[in-house]
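Here's the structure we're looking at; comments come further down.
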2 protein chains.
Amino acid sequence: MIIVMKTIQEIAKSISESGLKVTPQRVAVMQAFEKLNHPRAEEIYKEVYNSIPGLSPTTVYNILDVLVNKGIVKRVKTESGVMRYDAVSDHHHHMYCLSSDRVEDFFDPELDKILQEYFEKKRIDGFKIEDIKLQLMGKFE
Amino acid sequence: MIIVMKTIQEIAKSISESGLKVTPQRVAVMQAFEKLNHPRAEEIYKEVYNSIPGLSPTTVYNILDVLVNKGIVKRVKTESGVMRYDAVSDHHHHMYCLSSDRVEDFFDPELDKILQEYFEKKRIDGFKIEDIKLQLMGKFE
DNA sequence: TTTCTAATTTGTATTGATTCCAGTTTAAAA
DNA sequence: TTTTAAACTGGAATCAATACAAATTAGAAA
Ligand SMILES: [Mn+2]
Ligand SMILES: [Mn+2]
Ligand SMILES: [Zn+2]
Ligand SMILES: [Zn+2]
């Protein structure tokens, strides 16, 4: 698992290529994802507020909505119901801790292939699968 | 897929065996699950209110919490973040509609076996899996 | 059957996340 | 540089969910 830090230029490019204006708020939100692990909107707000003091919480919600709609950011469902966000764009699954709110990424192309082949053979009547996500529930040691 | 309607007696038994008092509110909440598909707390409230007019919304939240803690009811994560509930106790996965809030059950013991065997061979370092849930994202036709 | 009491339910207030909206600012096209 | 649609802001409003204290009740004990 290689962590690739995005430069401001790369972030600006991905925003711009989605047909969005490149604003300091949007760039800072994307940058915040480099520091935070599946953060909630409020955590992003606190982080970004450091560099943009006038920031409004509403703006963070707006930006996250826009980025989710463009597919740049993904929502992560949690047991508590509080929404969390994920800027990792490659397909992956999640490990959920049963005794805390920790969520970690799980990349496994081999498993993805197994699942893909399984569901190619075994179609579900009346439902067309577009994406398969695993929730691995358990405990971190 | 066989749908088994639970009698009031069976419901009362499962409540009682969990060490809980059998109240009309609890029985009615369990019965509501027979009519509703992965309902939200509010939908359950509306349904149960028909038979128990004095019902408080707080009671529904209390009951759902208790039933979840006893493992009689499961929480179902959704994209919007609103919590939904599930009284089906056998292990199963969910199909999520990408263009509506529809959620359907997906039972597949064969797949469960494949996953179980896969993760027996391939352990995840630092994480002990206790349960695997699939989110099948797609469209109903 | 009646009594007793801890468990449960209720109603109100409150929280916390998120959305709405109207006014202001700004990125970037022209 | 000008223009303006898009984006940001802040305050109010909404919605799901929780906290709490008082009233009720299921079911154990007498
Ligand atoms: Mn301000
Ligand atoms: Mn009442
Ligand atoms: Zn992730
Ligand atoms: Zn289900």
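Here the structure is a predicted model, which means the values were calculated and not measured.
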- Item | Nucleic acid footprint by protein, nucleotides 20-30 of chain D - heavy-atom cut-off 4.0 Å, B for base, S for sugar-phosphate alone | ------BS---

Separation of [X] atom [atom1] from [N] atom [atom2], in whole Å?
X	N	atom1	atom2	result
B:M83	C:dT18	CE	C1'	15 Å
A:I15	C:dT26	CD1	C1'	15 Å
A:I52	C:dA27	CD1	C1'	14 Å
B:E42	D:dA17	CD	C1'	12 Å
B:R75	D:dA16	CZ	C1'	12 Å
A:I63	D:dA7	CD1	P	10 Å
A:D65	C:dT19	CG	C1'	9 Å
A:Y49	D:dC8	OH	P	17 Å

- Task: Could you check B:E43, B:H94, B:R84, B:K74 and say which one makes a side-chain hydrogen bond (donor to acceptor under 3.5 Å, both in side chains) with B:H38?
- Result: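 With B:H38 as partner, B:E43, B:H94, B:R84, B:K74 yield a single side-chain hydrogen bond (donor to acceptor under 3.5 Å, both in side chains), made by B:H94.
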
- N/O (side chain, B:Y61) to phosphate O (OP1/OP2, D:dT18) under 4.0 Å: no

Under the side chain to side chain contact (heavy atoms under 4.5 Å, CB included) rule, collect the residues that match up with [X], sequence neighbours excluded.
X	value
A:L98	A:M137, A:K139, B:E130
B:E10	B:K6, B:T7
B:T23	B:K21, B:Q25, B:R26
B:E42	B:R40, B:K46

Please enumerate all residues that pass salt bridge (Lys or Arg N to Asp or Glu O under 4.0 Å) together with [X], with sequence neighbours excluded.
X	result
A:D65	A:R75
B:D108	A:K122
A:K13	A:E17

- Group every Ile, Leu, Val, Met, Phe, Trp and Tyr by side-chain heavy-atom contacts under 4.5 Å, then state whether B:M83 and B:L64 land in the same group. yes

- Message: Which nucleotide wins on minimum distance to the side chain of B:A41, given the candidates C:dG11, C:dA17, D:dA17?
- Response: D:dA17

- How far does the helix from C:dT1-D:dA30 to C:dA30-D:dT1 bend, going by the axes of its first and last five pairs, to the nearest 10°?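 About 30° separates the two local helix axes.
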
- Message: Here's a test of your reading of the structure: between B:Y85 and A:P57, which maps to the more 5' nucleotide of DNA chain D?
- Response: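 Going by which nucleotide is closer to the 5' end, it is A:P57.
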
